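Taking it in order: structure first as structure tokens, then the write-up.
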Amino acid sequence: MTNTETIFTFIDEKAGKEQGDYLDGIISACESWLSGVETPNVTNDVTKEEIRRGLQLAILKGMKENAQPHHQMTPDAIGILVGYMASKLVQSKKDVTLLDPAAGTGNLLYTVMNAIEETANASAVEIDDLLVRLAAVSAELLEQPVRFYVQDGLRPLLVDPVDLVISDLPVGYYPDDDNALNFEMMPAEGHAYSHHLFIEQSLNHLKPGGFGFFITTVNLFESDQAELLQKYLKRHALIRAIIQLPDSLFKNVAHAKFILILQKPVEEMAAKSAPDVLLAKVPDMMDKGLMSQFFRKIDNWIEEM
């Protein structure tokens, strides 16, 4: 078996023997591994990505069994794409800082951190206690330095400005109107959209020149509050790229998403005209030739920045 398969089998067997919830069993299995009581029989050159993927498979199994709609993981293919682009954009930096304001199990965040070769430190915000415990034990196994905040990601965050924000945006209305009044994108009538507020929260916590990677629904700029979003972005951000994801990644085409890349302007950018926006569509990810062309296009775009 591969290291990934060995890790999944180890966690799956231990979690299955635990009484109660399978996801809690995953945490117990990982804690046993961390303490050295029982460890998977992996090779000495096991990588962080192999550990992450083995964990991911077990967590996905647990989420399917729980059937909880808010327990969703970002598809691996999307995480790898974001990781590739994010790592290229910060390749000249040392001690990169990241924030995921709606981290879930941390899988997307860890995919990006694993892709960044320089030292990276992250802050992860998540309101669901079970997901935080899964994310925390994963961070320990991956030896990734992450600080966790168990709270609503749209409440005030005690997080210093970061180089990168990564988020698979929660979509829908935000129910706390009183808190939403603290945001520019609170509409005059009705509820604000959570995904709009998460973009605003993220830009507030980006360093000037920093980048935000947002995985969001394809109708982001077509909703009834799209004008509010566009006005906000015109004042506070540069749209650098809109990358459409393959429909094949989603069970329902109506739930298809794209990657929105924003940059927080620095003063010297204000005097310049807005940069061209990269508009691209990810091809069939099984076609190596087309994917090579796509990555060359990304590389050229980053070189021209």
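Just so it is clear, the structure is predicted and the values come from calculations on it, not from any experiment. Hydrogens, waters and symmetry mates are skipped; everything else that's a heavy atom, side chains included, is used.
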Tightest non-hydrogen contact, residues Ser123 and Val159, listed as OG-CG1, 3.8 Å
side-chain contact (heavy atoms from CB on, under 4.5 Å) assessment of Leu81 paired with Met285: CA-CA 10 Å; Leu81 279 173; Met285 300 184 81; 3.9 Å; yes
Side-chain heavy atoms of Met305 within contact of Arg240, under 4.5 Å: yes
With side chains defined as the heavy atoms from C-beta onward, is the minimum distance between Asp12 and Lys61 less than 4.5 Å? yes
More than 12 heavy atoms of other groups within 6.0 Å of Lys93 NZ: no
Shared ILVMFWY cluster between Leu220 and Leu249, side chains joined below 4.5 angstrom? no
Hey, are Thr6 and Asn41 close enough side-chain-wise for a donor-acceptor pair under 3.5 Å? no
Crowded around Asn300 CG? As in, over 12 foreign heavy atoms under 6.0 Å? yes
Indicate the atoms forming the closest heavy-atom contact of Lys264 with Asn204, along with that distance. NZ-O, 4.0 Å
When every non-hydrogen atom of Ser194 is compared with those of Pro170, the smallest separation belongs to CB-O, 3.8 Å
Approximate separation, where rounding is to 0.5 Å, of Tyr22 OH and Ile59 CD1: 9.5 Å
In Å, rounded to the nearest 0.5 Å, how long is the span from CG of Leu89 to CZ of Phe211? 4.5 Å
Check for a donor-acceptor pair, side chain of Gln263 on one end and backbone N or O of Gly209 on the other, with a separation under 3.5 Å. yes
Contact between Glu200 and Leu203 at the side-chain level, heavy atoms closer than 4.5 Å - yes or no? no
Please check: side-chain N/O of Thr217 versus main-chain N/O of Lys257, any donor-acceptor pairing under 3.5 Å? no
In this structure, are over 12 heavy atoms from other groups packed under 6.0 Å from Met286 atom CE? no
Arg52/Asp76 salt bridge by N-O under 4.0 Å criterion: yes
Would you find a donor on one side and an acceptor on the other, under 3.5 Å apart, between the side chain of Asp129 and the backbone of Val150? no
Sidechain N-carboxylate O distance under 4.0 Å for Glu49, Arg53: yes
Once rounded to the nearest 0.5 Å, what's the spacing between atom OG of Ser32 and atom CD of Glu38? 4.5 Å
Any heavy-atom pair between the side chains of Arg133 and Leu23 that's under 4.5 Å? no
Shortest non-hydrogen contact between Ile26 and Ala58, atoms and distance: CD1-O, 3.4 Å
Would you confirm whether Glu304, through its side chain, and Trp301, through its main-chain N or O, come within 3.5 Å as a donor-acceptor pair? no
Treat each ILVMFWY residue as a node, draw an edge where side-chain heavy atoms are under 4.5 Å apart, and state whether Ile259 and Phe250 are in one component. yes
Could you tell me the separation between the OG atom of Ser138 and the CG atom of Leu55, rounded to the nearest 0.5 Å? 4.5 Å
Between the side chains of Lys48 and Glu143, is the shortest nitrogen-to-carboxylate-oxygen separation below 4.0 Å, so that they form an ion pair? no
Taking Gln225 for its side chain and Met186 for its backbone only, find out whether a donor-acceptor pair lies under 3.5 Å. no
Main-chain N/O of Tyr110 paired with Gln144 side-chain donor or acceptor, under 3.5 Å: no
First locate atom CZ of Phe258, then atom CD1 of Ile242, and finally report the distance between them rounded to the nearest 0.5 Å. 5.5 Å
Asp163 and Thr97: side chain to side chain donor-acceptor pair (under 3.5 Å), yes or no, with the steps? CA-CA 5 Å; Asp163 299 303; Thr97 52; 3.1 Å; yes
Scanning both residues in full, the closest heavy-atom pair of Val137 with Ile27 reads CG2-O, 4.3 Å
What's the verdict on side-chain contact (heavy atoms from CB on, under 4.5 Å) for Lys88 and Met85, showing C-alpha distance, side-chain angles and the deciding distance? CA-CA 5 Å; Lys88 291 282 186 179; Met85 292 184 287; 5.8 Å; no
When hydrophobic residues are tied together by side-chain contacts of less than 4.5 Å, even through go-betweens, does Ile298 share a cluster with Met291? yes
Is there a side-chain contact between Val162 and Val96 in this structure, where contact means two heavy atoms from C-beta onward sitting under 4.5 Å apart? no
Please determine whether side-chain contact (heavy atoms from CB on, under 4.5 Å) holds for the pair Ile215 and Leu108, giving the CA-CA distance in whole Å, both sets of side-chain angles, and the decisive distance to 0.1 Å. CA-CA 10 Å; Ile215 301 163; Leu108 173 62; 3.9 Å; yes
Whether Glu18 and Lys14 form a salt bridge (side-chain N of Lys/Arg under 4.0 Å from carboxylate O of Asp/Glu) is what I want to check. no
Could you tell me whether Asp276 atom CG has more than 12 heavy atoms of other residues or ligands within 6.0 Å of it? no
Name of the residue among Ile199, Val165, Leu169, Leu197 meeting side chain to side chain contact (heavy atoms under 4.5 Å, CB included) with Pro101: Val165
Between Asn182 and Asn179 (side chain of the first, backbone of the second, donor and acceptor by atom type, cut-off under 3.5 Å), is there such a pair? yes
Measure from the side-chain N and O atoms of Glu50 to the backbone N and O of Thr47, and report whether any donor-acceptor pair falls under 3.5 Å. yes
Glu13/Lys17 under salt bridge (Lys or Arg N to Asp or Glu O under 4.0 Å): CA gap, chis, key distance, verdict: CA-CA 6 Å; Glu13 289 177 353; Lys17 290 176 184 176; 5.6 Å; no
Any side-chain heavy atom of Tyr149 sitting closer than 4.5 Å to one from Leu157? no
Tell me which one of Asn107, Thr105, Ile7 satisfies side chain to side chain contact (heavy atoms under 4.5 Å, CB included) with Gln56. Asn107
Would Arg235 and Glu184 pass as an ion pair if we require N to O under 4.0 Å? yes
Hey, is the main chain of Tyr84 close enough, under 3.5 Å, to the side chain of Ser87 for a donor-acceptor pair? yes
In terms of hydrophobic clusters joined by side-chain contacts under 4.5 Å, are Leu34 and Val42 together? yes
Taking the inter-plane angle between the rings of His196 and Tyr193 on a 0 to 90° scale, is it parallel (under 30°), tilted (30 to 60°) or perpendicular (over 60°)? perpendicular
Going by heavy atoms in the side chains, are Leu260 and Leu262 under 4.5 Å from each other? yes
Beyond-backbone contact of Lys297 with Leu278, side-chain heavy atoms, under 4.5 angstrom: yes
CD/Gln230: more than 12 non-hydrogen atoms of other groups inside 6.0 Å: yes
Check Phe183 against Leu154 and note the closest heavy-atom contact, atom names and distance. CZ-O, 3.4 Å
Would you find more than 12 non-hydrogen atoms of other residues, nucleotides or ligands less than 6.0 Å from Leu158 atom CG? no
Measure the CD1-CG distance between Ile166 and Leu99 for me, rounded to the nearest 0.5 Å. 9.5 Å
Leu181-Leu229 co-clustered via ILVMFWY side chain contacts under 4.5 Å: no
Using the side-chain contact (heavy atoms from CB on, under 4.5 Å) rule, take Phe294 and Ile243 through it: C-alpha gap first, then chi angles, then the decisive distance, then the call. CA-CA 11 Å; Phe294 172 77; Ile243 299 174; 4.0 Å; yes
